[in-house]
Amino acid sequence: MEEDEDDFEDAIENCMLRGAIFKVKKIVRFFRQSEVATTELTKLQMEESEISEGKTLKLIQEVKTRWNSCFAMLERFLQLHENVARVILKLQRDKNSKSKPPAILTMDEIDALTEVRDLLRPLDIATKESITRQTPVTPVGFNLKADLTTRLSNAFGKIEDIKLYQCATILDPRFKKAAFASAQSAANAEAYVGE
């Protein structure tokens with residue numbers, strides 16, 4: 001009887017995870033299709049961080065053909081989720097809204113997705129590190145490595161410049177300064193946390 005209960009609990013947890021990820025996908029799709037929602041999200045970021053429009057972040061949609069795109073989608077969503085929720089709530093109150101905004105995530109779903117992101121992060125890091133350690137000798141291998149390295153750099157090359165990640169890394173006793181590739185980013189994180 002206990003095994004049946006464990007299987008049932010596993011199924012519920014699996015269902016909850018799939019449901020939360022589906023909600024994130026739906027939110028991302030809504031923001032990518034709604035100019036009003038995207039504009040509001042950009043405006044909130046600019047107000048909070050005093051950054052220019054060109055440096056604001058956008059939500060990332062998962063792509064089934066890219067295994068790590070779920071990680072990228074969750075990481076970006078969790079980075080922006082408070083502002084995303086504010087925009088959705090504002091649009092839900094707006095009776096003139098052309099399309100119905102999706103539901104926001106519960107705190108339990110946010111907590112679960114935070115853990116999922118944290119569990120996926122080492123896989124993402126390991127993949128990137130294993131690519132840089134490879135030394136191909138054929139033209140095909142050489143070109144593939146160059147292409148993968150470029151794509152990874154474009155997707156994650158400036159992650160150390162984001163204050164939220166800087167602070168989270170510097171405050172994590174497992175990483176502190178050792179996780180930073182850039183001494184300047186580590187110094188910025190220390191200065192920001194010290195304020």
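Please read all numbers here as calculations on a predicted model, not as lab measurements. Numbers for residues simply follow the sequence, beginning at 1.
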Engineer: In the single-linkage hydrophobic clustering (I, L, V, M, F, W, Y; side-chain heavy atoms under 4.5 Å), do L148 and I60 co-cluster?
Structural biologist: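 Different clusters: L148 never reaches I60 through Ile, Leu, Val, Met, Phe, Trp or Tyr contacts under 4.5 Å.
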Engineer: For the residue pair V116 and L17, establish whether any side-chain heavy-atom pair is separated by less than 4.5 Å.
Structural biologist: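 Yes, at least one pair of side-chain atoms sits under 4.5 Å.
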Engineer: Determine the minimum heavy-atom distance between Q92 and A103, stating which atoms define it.
Structural biologist: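 That closest heavy-atom pairing would be NE2-CA, 4.3 Å.
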Engineer: Shortest non-hydrogen contact from P102 to I27?
Structural biologist: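 Smallest interatomic distance, heavy atoms only, reads CG-CG1, 3.7 Å.
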Engineer: Could you state the interatomic distance from CD1 (I125) to CG (N68), rounded to the nearest 0.5 Å?
Structural biologist: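 With rounding to 0.5 Å, CD1 (I125) is 12.0 Å from CG (N68).
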Engineer: Filter on salt bridge (Lys or Arg N to Asp or Glu O under 4.0 Å), then keep only pairs touching residues 21-31, sequence neighbours left out; what's left?
Structural biologist: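 Applying salt bridge (Lys or Arg N to Asp or Glu O under 4.0 Å) to every pair that reaches into residues 21-31, excluding sequence neighbours, yields K23-E109, K25-E62.
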Engineer: Could you name each residue pair satisfying side-chain hydrogen bond (donor to acceptor under 3.5 Å, both in side chains) that touches residues 139-149, not counting sequence neighbours?
Structural biologist: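 Only D147-R151 qualify under side-chain hydrogen bond (donor to acceptor under 3.5 Å, both in side chains).
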Engineer: My understanding is that only residues two or more places apart in sequence, or in another chain, count here; which of them pass side chain to side chain contact (heavy atoms under 4.5 Å, CB included) with R133?
Structural biologist: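 Expected list: E129.
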Engineer: Using the side chain to side chain contact (heavy atoms under 4.5 Å, CB included) criterion, which residues pair with N83? Sequence neighbours excluded.
Structural biologist: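 N83 satisfies side chain to side chain contact (heavy atoms under 4.5 Å, CB included) with L41, L44, Q45, E48, R86 once adjacent residues are dropped.
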Engineer: Give a yes or no on whether the backbone of T42 and the side-chain of T56 come within a donor-acceptor separation of less than 3.5 Å.
Structural biologist: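 No; zero donor-acceptor contacts below 3.5 Å.
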Engineer: Quick one: side chain to side chain contact (heavy atoms under 4.5 Å, CB included) partners of I104, sequence neighbours excluded?
Structural biologist: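 Partners of I104 by the side chain to side chain contact (heavy atoms under 4.5 Å, CB included) criterion, ordered by chain and then number, come out as A85, I88, L89.
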Engineer: Report, one line per pair, each donor and acceptor closer than 3.5 Å where one atom sits in a side chain of residues 70-82; sequence neighbours left out.
Structural biologist:
residue: E75; atom: OE2; partner: R121; partner atom: NH2; Å: 2.9
residue: R76; atom: NH1; partner: K58; partner atom: O; Å: 2.7
residue: Q79; atom: OE1; partner: Y165; partner atom: OH; Å: 3.0

Engineer: For the residue pair D124 and L120, establish whether any side-chain heavy-atom pair is separated by less than 4.5 Å.
Structural biologist: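 Counting from C-beta outward, D124 and L120 never come under 4.5 Å.
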Engineer: Are the side chain of S34 and the backbone N or O of F30 linked by a donor-acceptor pair below 3.5 Å?
Structural biologist: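 Not a single qualifying donor-acceptor pair exists.
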Engineer: Show the nearest heavy-atom pair for residues D118 and P122, with the distance to one decimal.
Structural biologist: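 In this case the closest contact between D118 and P122 is O-CD, 3.1 Å.
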Engineer: Taking only residues two or more places apart in sequence, or in another chain, which ones meet E115 in a side chain to side chain contact (heavy atoms under 4.5 Å, CB included)?
Structural biologist: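 None.
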Engineer: Heavy atoms, side chains only, cut-off 4.5 Å: are T38 and L59 in contact?
Structural biologist: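 Of all side-chain heavy-atom pairs linking L59 with T38, none is under 4.5 Å.
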Engineer: May I ask whether L123 and L113 are part of the same hydrophobic cluster, defined by side-chain heavy atoms of I, L, V, M, F, W, Y residues being less than 4.5 angstrom apart, directly or through others?
Structural biologist: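 L123 and L113: one cluster.
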Engineer: Counting C-beta onward and ignoring hydrogens, is there a side-chain heavy-atom pair between T106 and I110 closer than 4.5 Å?
Structural biologist: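 They are not in contact (no side-chain heavy atoms under 4.5 Å apart), so the answer is no.
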